[in-house]
Trainee: 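Sharing a structure below in structure tokens format, with a few things to ask.
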Amino acid sequence: MEIKHSQFKRCDLVRISGRLDSATAPTLEERLEEITEAGRYRLVLDLSEVDFISSKGWWVLINTQKKCKRFNRGEVLLVNVQPQIRESLNLVGMGKYFRIYDDVASAVGSF
Amino acid sequence: MEIKHSQFKRCDLVRISGRLDSATAPTLEERLEEITEAGRYRLVLDLSEVDFISSKGWWVLINTQKKCKRFNRGEVLLVNVQPQIRESLNLVGMGKYFRIYDDVASAVGSF
Amino acid sequence: MKSARRLFAGRYDSLNEIREFIAEAAQEAGLDSQGVYAIKLAVDEACCNIIDHAYGGENRGDIDCQVDVRSDGLLVTLIDQGKPFDPNKVPSPQIGKPLKEVKPRGVGLYLIKKMVDKMEYRTSAGQGNVMRLFKHKR
Amino acid sequence: MKSARRLFAGRYDSLNEIREFIAEAAQEAGLDSQGVYAIKLAVDEACCNIIDHAYGGENRGDIDCQVDVRSDGLLVTLIDQGKPFDPNKVPSPQIGKPLKEVKPRGVGLYLIKKMVDKMEYRTSAGQGNVMRLFKHKR
Ligand SMILES: Nc1ncnc2c1ncn2[C@@H]1O[C@H](COP(=O)(O)OP(=O)(O)O)[C@@H](O)[C@H]1O
Ligand SMILES: Nc1ncnc2c1ncn2[C@@H]1O[C@H](COP(=O)(O)OP(=O)(O)O)[C@@H](O)[C@H]1O
């Protein structure tokens, strides 16, 4: 898994690539915590290059979403979730916790 | 030339593809005027798919830039200007009128 | 009909290798890309549960993984020597809760069942805990 | 050494065809992609000037366009029957003005000169106005 972070004026973009499983989820968790601990709660996660997400990965995203939405201070937006990943997410009823965009620009532009 | 327009919260994205010459410049001019006349002066022009720009095309962009920057109300940002086009722009000293970004998200995120 | 068996160390680092081992067999069994993803995800979740629950942590025991390419799909057998459990006593996760109330656990087993066409679990003193997952070809 | 000659209607719609005609010859002359772009841009600007200034508008006359593939590069000859001018009397554009003061005109001829290695213009009663543009191969 690779993580690239860009800080914009009104949100942060995190581009993730590779697999998000029990082995890599803690690394992502750390990076996202760095961002939220800096008081930045508007996140765009570009998942175009992510080809596998297990429940351990989803929990990281969901915990981050909870933190960001608290006090209405922000939100995690997902971009380009691959169909199979999206399907598994919906299957366990977690799809509704995220707004999913087709391209990064629209997600960034929505903040 | 094809033009696609998306309106975001704080800026507008215009994706242009094809050639921008004397034949097509008026069409672009019209579309950009529609946007600025709606009071929207923060524009991101994605030129990744533009393979030719003659001076008539540049004038459209420069006139739009003038209009947008007036009263500090906005700016035209360019994204992904192909090297040869960028070179011809610099040659006539017009490169300095535009900030050029490598990707749409960063440009949108800068507003 | 091809079969293969490999022993993996019970730690998260093995998961990627395990998934690759499964994916190869799944392709050989003629599963489509959705099917391959489904069985990979089910096996990943099952192995993760073995590490977390059966062994109670990483590096406490191995995961014995067998694949059987059948004419109608892929059978995966996972064996561990850890603590047994009764899948029928695990409550289904509550789906559709408001975000605030969601607790980050309890969907693994549910996902496994949804991803495969058949899930069996039995435990015996001699053999250990055996989970069998079958994914039908479409 | 290949030569070709085509007559184009003096209107903006022709510019794309003209550029394609030029690009093909430029490739044949062995120009690299920067060279091809440069000569296309120069010819586009020159033809646009013919339409705007020599003819004073679209659809008033033709542009006669000849390409000569030479061993050292590409020669393009553009002939119009409109109003002649003296390129030496055209002032250079003021480069580097603040944006507010920039007027949208006056860079075409300058761009042409910068894009090619040689630019010649002459006018004669019999032939019309002849502009010759040469782009060296690198
Ligand atoms: N392989 C296993 N060995 C022992 N216990 C297990 C195993 N798999 C699941 N369990 C038990 O079932 C519960 C539910 O599992 P699961 O749905 O995967 O969610 P989670 O792993 O997030 O708790 C676990 O908390 C554990 O008590
Ligand atoms: N082919 C031409 N025929 C007649 N006049 C020309 C021609 N090309 C250029 N000119 C004259 O030179 C001036 C400068 O041309 P140019 O640098 O291309 O800028 P622009 O076309 O924007 O005025 C024109 O305004 C015109 O008066």
Side-chain angles (χ1 to χ4, degrees), chain A residues 1-18 20 28 31-32 34-50 61 64-65 68-69 71-82 98-111, chain B residues 1-18 20 28 31-32 34-50 61 64-65 68-69 71-82 98-111:
Chain A
M1 188 184 55
E2 246 197 277
I3 303 173
K4 285 185 205 147
H5 171 217
S6 327
Q7 183 175 321
F8 295 146
K9 199 160 169 195
R10 298 171 200 279
C11 65
D12 286 60
L13 169 63
V14 181
R15 297 181 199 261
I16 308 165
S17 62
L20 185 45
L28 180 63
R31 290 297 295 274
L32 294 179
E34 269 173 46
I35 298 173
T36 52
E37 270 159 27
R40 304 186 62 87
Y41 300 106
R42 303 204 279 197
L43 308 187
V44 174
L45 305 192
D46 181 0
L47 303 182
S48 344
E49 305 286 316
V50 171
L61 303 187
T64 310
Q65 181 69 298
C68 289
K69 282 202 159 175
F71 314 124
N72 256 325
R73 60 193 172 185
E75 184 174 355
V76 173
L77 303 178
L78 305 183
V79 177
N80 251 326
V81 184
Q82 291 185 17
F98 297 98
R99 286 198 281 169
I100 300 183
Y101 284 79
D102 287 338
D103 63 301
V104 174
S106 314
V108 170
S110 77
F111 280 120
Chain B
M1 190 185 53
E2 247 198 277
I3 303 173
K4 286 185 204 147
H5 172 215
S6 326
Q7 183 173 321
F8 296 145
K9 199 160 168 196
R10 298 171 201 278
C11 66
D12 286 60
L13 170 63
V14 181
R15 295 182 201 261
I16 308 165
S17 62
L20 184 47
L28 179 63
R31 289 298 294 273
L32 294 179
E34 269 173 46
I35 298 173
T36 52
E37 268 159 28
R40 303 185 64 86
Y41 300 105
R42 303 203 281 197
L43 308 187
V44 174
L45 304 192
D46 181 1
L47 302 182
S48 344
E49 305 287 316
V50 171
L61 303 186
T64 309
Q65 182 70 297
C68 288
K69 283 201 159 176
F71 314 124
N72 256 325
R73 60 194 173 185
E75 185 173 353
V76 173
L77 303 179
L78 305 183
V79 177
N80 252 326
V81 183
Q82 291 185 15
F98 297 98
R99 285 198 282 170
I100 300 182
Y101 284 78
D102 287 339
D103 63 301
V104 174
S106 313
V108 170
S110 77
F111 282 120

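Not measured: the values here are computed from a predicted model. Per chain, numbering begins at 1; letters A, B, ... match sequence-line order.
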Trainee: If you look at every heavy atom in B:Leu20 and B:Met1, which pair is closest and at what distance?
Mentor: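 Nearest pair, atom of B:Leu20 first, then B:Met1: CD1-SD, 3.9 Å.
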Trainee: Could you show, one pair per line, the donor-acceptor contacts under 3.5 Å between chain A and chain B?
Mentor:
from     : atom 1 : to       : atom 2 : distance (Å)
A:Lys9   : N      : B:Gly109 : O      : 2.9
A:Arg10  : NE     : B:Phe111 : O      : 3.1
A:Arg15  : NH2    : B:Asp103 : OD2    : 3.1
A:Asp103 : OD2    : B:Arg15  : NH2    : 3.2
A:Gly109 : O      : B:Lys9   : N      : 2.9
A:Phe111 : O      : B:Arg10  : NE     : 3.1

Trainee: Please lay out, stage by stage, how A:Val76 and A:Phe98 fare under the test side-chain contact (heavy atoms from CB on, under 4.5 Å).
Mentor: CA-CA 7 Å; A:Val76 173; A:Phe98 297 98; 4.2 Å; yes
Trainee: State which residue, out of A:Val81, A:Leu61, A:Val104, A:Val79, fulfils the side-chain contact (heavy atoms from CB on, under 4.5 Å) condition with A:Leu45.
Mentor: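 Only one option passes, and that is A:Leu61.
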Trainee: Evaluate the criterion side-chain contact (heavy atoms from CB on, under 4.5 Å) for residue pair B:Val108 and A:Phe8; output intermediate values, then yes/no.
Mentor: CA-CA 9 Å; B:Val108 170; A:Phe8 295 146; over 6 Å; no
Trainee: Kindly determine whether A:Leu43 and A:Cys68 satisfy side-chain contact (heavy atoms from CB on, under 4.5 Å), including the steps that lead there.
Mentor: CA-CA 8 Å; A:Leu43 308 187; A:Cys68 289; 4.2 Å; yes
Trainee: Working note: A:Ile35 + A:Val14, criterion side-chain contact (heavy atoms from CB on, under 4.5 Å); need CA distance, chi angles, decisive distance, verdict.
Mentor: CA-CA 10 Å; A:Ile35 298 173; A:Val14 181; 3.6 Å; yes
